[in-house]
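One structure is given here, and the rest of the page talks about it.
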Number of protein chains: 2
Amino acid sequence: MDGGVKKPGVTSSEVARRAGVSQSAVSRTFTPGASISPKTREKVMAAAQELGYRPNAIARSLITNRSRIIAVVMAYLENLFYPDVLEELGRLLAKENYRLLLFTGQMDRDSDPVFDQLMQYRVDGIILASTTLSSHLSEECAAAGIPVVLFNRTTERDAVSSVTARNREGGRRIAEFLLAGGHRRFGYISGIESSSTNRDRFAGYQEVLAAAGHDDIVVGVGNYDRGEAEAAAREMFARPDRPDAVFVANDHMAVAVMDVARYEFGLNIPDDLSIVGYDDVGPARWTAYGITTMSQPMKRMVEATVNILMGQISRGEIEAEHRILSGDLVVRTSARLPKSGIVEVDGRRLYKPGKS
Amino acid sequence: MDGGVKKPGVTSSEVARRAGVSQSAVSRTFTPGASISPKTREKVMAAAQELGYRPNAIARSLITNRSRIIAVVMAYLENLFYPDVLEELGRLLAKENYRLLLFTGQMDRDSDPVFDQLMQYRVDGIILASTTLSSHLSEECAAAGIPVVLFNRTTERDAVSSVTARNREGGRRIAEFLLAGGHRRFGYISGIESSSTNRDRFAGYQEVLAAAGHDDIVVGVGNYDRGEAEAAAREMFARPDRPDAVFVANDHMAVAVMDVARYEFGLNIPDDLSIVGYDDVGPARWTAYGITTMSQPMKRMVEATVNILMGQISRGEIEAEHRILSGDLVVRTSARLPKSGIVEVDGRRLYKPGKS
DNA sequence: CTGAAAGCGCTTACAG
DNA sequence: CTGAAAGCGCTTACAG
């Protein structure tokens, strides 16, 4: 399996010989801020050009003890929210001159092979999107001085930072919106029940509904999965006391739930049934769905994630930071409208109670 | 920016000291196949465990001249086909014990910073999904002994391999299907016109239609972009001689085209208009769209890609290979059906002319 | 099977 | 500003 030989690249010594300078001079030429005379630099650059020299990042990493690689662990790529995040993450990390080592899939169990790989490559930071770390693993990162940021999840663990939307408030806002729209019976299709994001969204929703005397939310479990969300929707819509308003924990599932409602149960949305989602991801904006949904400020969330990481890397000190960003309830066509509270901002219709 | 200090990891020397053996013995313990006695190995393992030792992959790469990293350059992540590919790629590469360094965005121009990064990290192979390489850059890879595989594109360039679907045949099949369905006026919404995939799909489509006497295909340019596809569709559907059958170069655009047809022009699909796509990606299967589409055998394509790469890495010899895989025309609800040729295979309805 | 030693391609004090 | 030299953490002939 390792029979072949990759041609070794051009080295700084070869360039040095060609340029008639020391190897150190070559190194300095390619080290921003190193002291080198313009004359030497010029000679080096010329020789490097001729030979097609590129500094070996691997060798540099070994000595600087910095790989300039950030590990990103990401699951649920079939939910377009995450590819969007990945693209933005790639852009911002490149801008900071960092590379992105991608690991797809969850990282749940305690001694994960994925985690082993991360550590072997001496990554400078770890971003976990839609997944968490066991306490054992997060301690290991802290001990190794590697900053960890959870994206779209949060945790109480020391030394693990997080970036999330104001999920609880989002859940509340959705409940207010549906109450104001005159709905009478409420459903919820959950994500993974143990995820902080799901817990917070539901807690907010439940809180406001309970205060309005609605203690009987009909709950189905979707686990952030289309298939499971469909199954949960089927069960929910077949009930004699079918809800007339359902909050689905993310848009990815909401799309599936709408298809079940319309094409399997012949329900008219929003006349028979209102659906509200979360994320404001691509398909939510497609005319066929037009999902009313709590937006997540994806770009700002990614920016905060990179920001936390860069700060901790440069300070060399890891202290958990938790950034919580606000979104808006974007109003489209999947839910009945309240009489008031709808405002238009920058071409989007938002629900801002008390502001119409 | 580089103020902080990452704690250095445990090294093999420290483990050696603790275990009372040489540093070489530690190295051998972690090198599969190296000669080491069970007794020594045990001592080393115990010490490694206590200290939390993990071999430093960076140092190993430096000396073996293999990074075990594959660079993946990918654009169009908002087209779900690519996240699917990415996930599968991650799985297969992990299985082969390779890591995935992701670069998002195109790699068009001649001296790209992305390319520079690839080379600096001494990646063992490069996968370009939905993008190509300039001849200059591909020569540089060949010179460095780094295998390159194009995914979903092809090229004549020496030393650059490719994996594609049988796109020309796919275009033909679609034309046959639409002709058999009794359509009379044909449209095409293209991807990026210079891409091999687009050229081949259109060539096959055109070929069969021309043979049937249809030389007047109405063409709009979508550039694989939702927005542009919508604009192209608007123009096409506003024509007095609006086509009654449109082949859209991929499903990602077909979804947008369907929304325009239905919600902006009030067209009934498939009664007023048949739409056929390409890829068989997630949304094509959603009930709201139910797109009739040429499937791309994504998993087999990814497998072939990894397979080519692994072969060239282990043989140490780079010779362009071109793998071309077949798909099926999956029949759903977005196009009128021919009287015959529809067969059911494994729960999917396919168009196989001459086989009903 | 084992250890001492060389060396991978760099960065970075150190001395000039 | 510049060069000689040490050293980052490993792998791998080499000799025993």
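Protein chains get the first letters and strands the later ones, always in sequence-line order, with residue 1 at the start of each.
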Any side-chain heavy atom of [X] within less than 4.5 Å of one from [Y]?
X: A:Val72; Y: A:Leu101; answer: no
X: B:Pro147; Y: B:Leu309; answer: yes
X: A:Gln117; Y: A:Pro113; answer: no

Can you find a side-chain donor-acceptor pair between [X] and [Y] that sits under 3.5 Å?
X: A:Ser37; Y: A:Thr40; value: yes
X: B:Ser12; Y: B:Gln23; value: yes
X: B:Tyr76; Y: B:Thr131; value: no

Who passes side-chain contact (heavy atoms from CB on, under 4.5 Å) against A:Ala129, sequence neighbours left out?
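Counting only residues at least two positions away or on another chain, A:Ala129 forms a side-chain contact (heavy atoms from CB on, under 4.5 Å) with A:Met74, A:Tyr82, A:Phe151.
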
Name all residues meeting the side-chain contact (heavy atoms from CB on, under 4.5 Å) criterion together with A:Thr154; count only those two or more places apart in sequence or in a different chain, and write none if there are none.
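For A:Thr154, the residues satisfying side-chain contact (heavy atoms from CB on, under 4.5 Å) (neighbours in sequence not counted) are A:Ser162, A:Thr164, A:Ser196, A:His322.
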
Treating primed atoms plus P, OP1 and OP2 as sugar-phosphate and everything else as base, which nucleotides of nucleotides 11-16 of chain C get B, S or - for protein heavy atoms under 4.0 Å?
BBB---

Just to confirm, is there a sub-4.0 Å distance from OP1 or OP2 of D:dG9 to any side-chain nitrogen or oxygen of B:Thr11?
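For D:dG9, OP1/OP2 do not have a side-chain N/O of B:Thr11 under 4.0 Å.
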
For atom [atom1] of [X] and atom [atom2] of [N], their distance in whole Å:
X: B:Asn65; N: D:dC10; atom1: CG; atom2: P; answer: 18 Å
X: A:Arg17; N: C:dG9; atom1: CZ; atom2: P; answer: 11 Å
X: A:Arg66; N: D:dG9; atom1: CZ; atom2: C1'; answer: 17 Å
X: B:Arg54; N: D:dG9; atom1: CZ; atom2: P; answer: 16 Å
X: A:Leu62; N: C:dC10; atom1: CG; atom2: P; answer: 12 Å
X: B:Ile58; N: D:dC8; atom1: CD1; atom2: C1'; answer: 11 Å

Sequence neighbours excluded, every pair satisfying salt bridge (charged side-chain N to carboxylate O under 4.0 Å, His left out) that has a member inside residues 29-53 of chain A:
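Qualifying pairs, neighbours excluded: A:Arg18-A:Glu50.
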
Short N-O contact, A:Glu303 and A:Arg323, less than 4.0 angstrom
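Between A:Arg323 and A:Glu303 there is no salt bridge, as every charged N stays at least 4.0 Å from the carboxylate O atoms.
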
Does the pair A:Glu88/A:Arg300 count as a salt bridge with the N-to-O cut at 4.0 Å?
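No, this pair does not count.
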
For DNA chain D, the residues among residues 35-52 of chain A that have a non-hydrogen atom under 4.0 Å from it:
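Under 4.0 Å from DNA chain D: A:Ser35, A:Ile36, A:Ser37, A:Thr40.
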
What does the 5'-to-3' dot-bracket notation of DNA chain C look like when only Watson-Crick and G-U wobble pairs under 3.5 Å count, and pairs to other strands show as |?
|||.||||||||.|||

If you measure from the C1' atom in C:dG16 to the same atom in C:dT12, how many Å do you get, rounded?
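Those two atoms are separated by 16 Å.
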
